[in-house]
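Below is one structure, written out as structure tokens; comments come after it.
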Amino acid sequence: MTDTLNELSSKYCAREIEKEIYEFWEKNDFFVADNTSPKPSYSIVIPPPNVTGVLHMGHALDGTLQDILIRYHRMNGYEVLWMPGCDHAGIATQNVIEKNLAKEGLTRHDLGREKFLEKTWAWANDHKNRILEQFKLLGASFDLSRKRFTLDKGCSDAVKKVFVDLYNKGLIYKGNYIVNWCPRCQSAISDVETNYETQEGSLWEISYALKDEMGAIVIATTRPETMFGDSAIAVNPNDYKYKDLIGKSCVMPLTGRVIPIIADDYVDKSFGTGALKITPAHDPNDFEVGLRHNLPQIKVIDEKGCMMKNEFVPPQIQGLTREEARKKTVEMLKEHQVLVRITPHTHNVGTCQRCGTTIEPLLSTQWFVKMKPLALNAIDAVKSGKIKFIPQRWEKNYLMWMENIRDWCISRQLWWGHQIPAYYHKETGEMVVALENPDPNNYTQEKDVLDTWFSSGLWPFETMGWPDTNSNDYKKFYPTTTLVTGFDIIFFWVARMISMGLEFTNVAPFSTVYIHGLIRDEHGQKMSKSKGNTIDPVDLIEKYGCDALRFTLTSLCTYGGQDIKISDERFEFGRNFANKIWNASRFVLSNITKSSNELKDFGELSLADKWILNELNQTVKLVNENIKNYRIGEVASVLYEFFWNKYCDWYVELSKIEKNEAVLVYVLNAYLKLLHPIMPHITEAIYQKMLQKIDDENSKNAILFAKYPQYDSKFDYIEESKKMEMVFETIKSLRNLRAEFNIPLSAKINIVVDNNEKLFLSIAPYLNRMAKVDDVKFDKESNIEKSAYCTVFDTKITVPLADLIDINQEILRQKKKIEKLEPELKSISARLNNDKFINSAPSDVVDKTKERQQELLCQIDLIKQTIKKLS
RNA sequence: GGGCGUUUAGCUCAGUUGGUAGAGCGCCUCCCUUACAAGGAGGAUGUCGGGAGUUCGAGCCUCUCAACGCCCACCA
């Protein structure tokens with residue numbers, strides 16, 4: 001290690017240390033996994049960040065949690081692999097490149113597919129390294145020697161094989177269906193990529209004249225412009241209003257086309273006019289109705305969202321955008337006096353998840369995955385407990401979606417992605433689905449590419465060498481152990497990984513899915529660039545340090561996986577803690593005078609030594625339990641509490657008068673290891689310094705590999721700890737007394753105790769140091785005028801203060817204490833007087849309550865005596 | 001329409017099998033006591049959203065109401 005680490009600098013400079021430490025780990029290849037290791041394996045695949053992006057707070061949280069689990073298991077003797085990589089992010093990336101082209105006034109068609117892809121690859125190559133570099137700032141201990149990309153050769157081969165196999169099994173099909181079409185992205189998208197937005201619209205009622213007779217039928221629609229694609233009018237078969245019209249025909253306004261009136265259960269009698277126009281090519285429900293009644297599918301809107309130029313669309317409307325067409329159509333309907341009524345109507349409109357454009361349901365030829373058969377095993381895996389969600393409530397969410405799953409539209413009319421491995425004969429049009437083009441001279445490949453999530457769904461095994469199931473990585477690290485991600489991609493990603501993993505590897509790709517909350521701004525709003533409320537984790541790292549960021553985020557994780565609200569200032573919490581650790585360690589290490597050999601032996605243990613060893617041991621126990629149960633926030637608070645409020649506030653302070661170097665160092669050493677998964681850099685930096693003074697076996701000279709502390713019953717010093725609590729209570733009471741009477745520390749005080757003689761005499765030095773007590777005396781019947789009093793458990797402490805205090809003030813002080821204690825005594829006594837409580841409460845609770853009652857009685861009694869004497 | 005979450009100190013939130021509440025920040029008083037002012041000592045603050053029930057006992061369990069948020073569904 002270099003010079004900065006030889007001395008712990010008096011000022012804690014997080015970034016300097018963190019950079020140096022990360023380099024130290026990386027140079028030594030500490031993160032590289034050994035697939036031949038005899039150790040049990042623990043593996044995590046990173047949710048591959050998009051190559052479009054930069055590190056954001058979501059990554060920071062997700063990455064931190066994964067790194068904590070990885071480091072914890074590494075220290076617990078597992079061969080760990082954290083697999084890094086990036087996602088090509090089909091639509092998202094293509095959109096970015098197209099936006100850049102648009103700045104030059106170009107479209108992707110101006111470049112052509114080949115040139116466009118070249119440009120996109122250049123971008124991707126640049127960005128996929130950039131974001132992983134940023135992950136390093138988080139201290140990520142992932143194995144970069146294995147980093148993968150969803151479009152690399154291995155992944156592409158896996159994608160092809162999966163596609164061909166699914167096709168051959170009949171689980172992939174190509175067909176003409178209504179899909180969600182984004183007119184801006186110029187592609188189909190899947191159901192999960194469609195968001196719904198509530199919009200204020202109108203319900204237009206339009207009168208269609210009956211054919212060959214008087215009268216008309218009035219229909220209600222929210223999209224008048226689609227009327228040119230109508231194939232029928234539908235009514236409910238049980239609707240008496242329209243009973244006589246079923247089977248007749250009507251004449252469409254504006255175009256004069258004749259369409260039938262049909263009956264279908266789908267129609268809701270009570271909505272609108274109870275009559276509905278059926279447009280099979282532009283509405284998913286109408287599409288179904290159309291199939292049932294064998295209606296023609298008339299396309300009137302094209303892929304750009306414009307009205308088509310065909311015989312169905314009136315010339316005035318042709319070529320208009322959807323929005324323009326709606327206006328114009330309504331105008332024309334008014335002119336023809338067939339617009340009966342317009343009522344305001346709020347409804348949900350589908351929008352593209354990527355660009356926000358209103359979705360056009362469009363009849364189109366696409367590729368689909370039959371999900372129902374794949375979902376069966378995926379449902380079973382969770383129901384049987386092979387895969388466990390943390391928190392468990394997400395299982396319900398997952399199961400509900402899986403049980404109602406619909407087919408997945410996987411083809412995208414994009415250029416950036418895995419081109420579908422289907423080949424068409426140039427002359428005959430015959431289609432072949434195969435790993436390779438059967439004859440490049442006569443066959444051309446399908447132009448469409450696959451949904452990004454198709455390859456992401458294979459991520460846990462395509463990165464491990466699959467389909468080569470004999471590869472060492474696959475054998476050692478697949479299936480992976482834990483998947484860590486946010487709830488927003490359970491359907492997109494987690495569900496598909498489970499389905500695909502089970503189908504192709506016959507095993508669940510991971511056994512635990514750890515779902516954390518989303519990061520939000522201080523007002524609870526989702527962070528987004530457009531809102532301008534993002535906080536850049538890189539800025540936070542520069543300002544507060546990576547360990548501070550990690551610790552703060554960790555401390556904000558709740559077991560229920562609640563969303564996390566953050567603001568810049570919140571990270572002072574972690575920074576302050578890091579600073580505390582740094583300074584305390586500096587103090588401890590600079591106070592080591594003994595040799596490494598001498599430090600191996602605790603020697604004789606004082607009350608304080610036993611107390612801190614006991615506290616440490618309890619902390620070790622809690623930390624291990626909580627990590628194993630994914631209560632990561634609890635881990636942070638247990639670690640914080642121990643170090644700051646136990647070790648620093650008391651033990652280190654007491655060590656200034658009487659120190660056991662061996663224990664002082666032992667506790668710090670163990671603590672650094674406990675904390676290392678959360679705050680890796682600072683703990684490694686201090687540990688390195690510590691190694692210059694102590695021997696520590698089994699650590700390979702890096703805390704990264706040190707054995708994680710485990711609970712050891714030999715450190716259960718329960719009795720001693722109780723005594724120590726009494727010491728602390730005494731000190732606190734005396735400090736309180738000083739504060740209330742404004743007695744400066746320069747004014748020494750003496751005390752007289754009436755109980756626990758031995759203990760108090762032995763802790764005199766502690767009292768001296770911590771409460772500036774000059775002299776401790778024992779006297780069962782102390783009777784000193786002008787004194788203040790404290791009661792600590794069963795001991796009355798008299799503090800002669802002569803003229804320093806006003807006796808009346810002291811009487812008031814004591815009365816206040818009683819006022820505080822009495823309500824509790826009252827309620828406890830009431831409980832103990834209740835036979836039902838005595839009989840039905842568990843005996844240990846009854847005992848405890850009795851004990852507390854005695855304690856309160858004793859204290860109140862002591863205080864009352866005191867008041868009497870003072871009066 | 002269905003499901004889920006949240007409601008606890010001024011703010012942000014913890015609270016693991018039910019035994020009358022905690023942290024951080026903020027606030028008040030005092031302290032540069034040589035590890036740390038990114039600090040130390042002391043202090044104030046809550047009918048745990050409303051109501052009902054189960055229980056000897058409810059922040060925690062049951063029911064109900066209310067407010068806010070999220071997800072799914074998508075009747076034109």
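Every chain is numbered from 1, with letters handed out A, B, ... down the list of sequences.
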Side chains of A/S231 and A/Q297: any donor to acceptor distance under 3.5 Å?
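No.
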Under 3.5 Å, is there a donor-acceptor pair between the A/T346 and A/Q199 side chains?
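No - no donor-acceptor pair under 3.5 Å links their side chains.
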Can you tell me how far [atom1] in [N] sits from the matching atom in [M], rounded to whole Å?
N: B/rU29; M: B/rA44; atom1: C1'; value: 11 Å
N: B/rC72; M: B/rU16; atom1: C1'; value: 31 Å
N: B/rG39; M: B/rC48; atom1: P; value: 33 Å
N: B/rG69; M: B/rA23; atom1: C1'; value: 25 Å
N: B/rG22; M: B/rG46; atom1: C1'; value: 11 Å
N: B/rG59; M: B/rG15; atom1: C1'; value: 8 Å
N: B/rA58; M: B/rC74; atom1: P; value: 46 Å
N: B/rA9; M: B/rA14; atom1: C1'; value: 13 Å

To the nearest 0.5 Å, tell me how far A/S555 OG sits from A/Y640 OH.
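Result: 9.0 Å between the selected atoms.
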Nearest 0.5 Å please: distance from the CD1 atom of A/I838 over to the OG1 atom of A/T849.
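Going from the CD1 atom of A/I838 to the OG1 atom of A/T849 covers 8.0 Å.
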When the nearest nucleotide of RNA chain B is assigned to A/K826 and to A/V652 on a heavy-atom basis, which residue is associated with the more 5' position?
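So the residue in question is A/K826.
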Pick the closest RNA chain B nucleotide for A/E641 and for A/E634 by heavy atoms, then say which residue is nearer the 5' end.
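Taking each residue's closest nucleotide, the earlier one in sequence belongs to A/E634.
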Kindly write out the residues that satisfy ring-ring contact (aromatic ring centres under 6.0 Å, His included) with A/Y12, not counting sequence neighbours, or none if the list is empty.
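Checked A/Y12 against ring-ring contact (aromatic ring centres under 6.0 Å, His included); matches are A/W582.
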Mind checking what makes ring-ring contact (aromatic ring centres under 6.0 Å, His included) contact with A/H347, not counting sequence neighbours?
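Once residues adjacent in sequence are excluded, the partners of A/H347 under the ring-ring contact (aromatic ring centres under 6.0 Å, His included) criterion are A/H345.
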So, using salt bridge (charged side-chain N to carboxylate O under 4.0 Å, His left out) as the criterion, who are the partners of A/K732 when residues are at least two apart?
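Salt bridge (charged side-chain N to carboxylate O under 4.0 Å, His left out) list for A/K732, sorted by chain: A/E729.
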Partner residues of A/E205 under the salt bridge (charged side-chain N to carboxylate O under 4.0 Å, His left out) criterion, sequence neighbours left out:
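For A/E205 the salt bridge (charged side-chain N to carboxylate O under 4.0 Å, His left out) partners, ignoring immediate neighbours, are A/R341.
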Which is true for [X] with a 4.0 Å heavy-atom rule: it touches a base, it touches only sugar-phosphate, or it touches nothing?
X: A/W644; answer: sugar-phosphate
X: A/K820; answer: sugar-phosphate
X: A/R393; answer: sugar-phosphate
X: A/E205; answer: nothing

Short side-chain N/O contact to [N] OP1/OP2 from [X], under 4.0 Å:
X: A/K772; N: B/rA41; result: no
X: A/S637; N: B/rA14; result: no
X: A/K396; N: B/rG2; result: no
X: A/N736; N: B/rG43; result: yes

How close do A/T351 and A/E197 get, counting heavy atoms only, and between which atoms?
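Looking at all heavy atoms of both residues, the closest pair is CG2-OE2, 3.8 Å.
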Nearest atoms (heavy-atom pairs only) where A/E522 meets A/S567
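The answer is OE1-CB, 3.9 Å.
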Its contact letters, B for base, S for sugar-phosphate only and - for none at protein heavy atoms under 4.0 Å, make nucleotides 27-33 of chain B read -------
Under 4.0 Å protein heavy-atom contacts per nucleotide of nucleotides 66-76 of chain B, with B for base, S for backbone only and - for none:
------SBBBB
Ring centre gap for A/Y398 and A/W394 strictly below 6.0 Å
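No, the ring centres sit 6.0 Å or more apart.
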Residues within residues 560-574 of chain A bordering RNA chain B, heavy-atom distance below 4.0 Å:
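Going residue by residue through residues 560-574 of chain A, the ones with a heavy atom under 4.0 Å of RNA chain B turn out to be A/Q562, A/K565, A/R570, A/F573.
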List in numerical order all residues of residues 828-854 of chain A for which some heavy atom is under 4.0 Å away from an atom belonging to RNA chain B.
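Hits under 4.0 Å, by residue number: A/R831, A/N834, A/K836, A/F837, A/S840, A/A841, A/P842, A/V845.
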Under 6.0 Å from the six-membered ring centre of A/Y544 and within 45° of its axis: does the NZ or CZ of A/R575 meet both?
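Output no; distance or angle outside limits.
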Over how many whole Å does the gap from A/I686 atom CD1 to B/rA35 atom P extend?
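It is 16 Å, rounded to the nearest whole Å.
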Check the distance between B/rU16's C1' and A/K628's NZ and give it to me in whole angstrom.
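Rounded to whole Å, this separation is 16 Å.
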A/R15 and A/E18 ion-paired at < 4.0 Å:
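A/E18 and A/R15: salt-bridged.
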Go through the steps for A/D568 and A/K543 under the test salt bridge (charged side-chain N to carboxylate O under 4.0 Å, His left out), then give the verdict.
CA-CA 10 Å; A/D568 187 297; A/K543 191 166 171 188; 3.0 Å; yes
How would you list all residue pairs meeting salt bridge (charged side-chain N to carboxylate O under 4.0 Å, His left out) that involve residues 223-238 of chain A, not counting sequence neighbours?
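Listed by first then second residue: A/R223-A/E225, A/R223-A/E360, A/E225-A/R326, A/D230-A/K277.
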Tell me which pairs pass salt bridge (charged side-chain N to carboxylate O under 4.0 Å, His left out) where either residue lies in residues 259-273 of chain A, with sequence neighbours left out.
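Output for this query lists A/D264-A/R292.
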Distance-only donor-acceptor hits, side chain of residues 628-638 of chain A, under 3.5 Å, sequence neighbours excluded:
residue, atom, partner, partner atom, Å
A/N629, ND2, A/E625, O, 3.0
A/Y630, OH, A/T482, OG1, 3.3
A/S637, OG, A/E634, O, 3.3

Quick one: stems for RNA chain B, with Watson-Crick or G-U pairs under 3.5 Å, at least three in a row?
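Output for stems: B:1-7 with B:66-72, B:10-13 with B:22-25, B:27-31 with B:39-43, B:49-53 with B:61-65.
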Relative to the ring of A/Y651, is the ring of A/Y647 parallel (under 30°), tilted (30 to 60°) or perpendicular (over 60°)?
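Rings of A/Y647 and A/Y651: parallel, under 30°.
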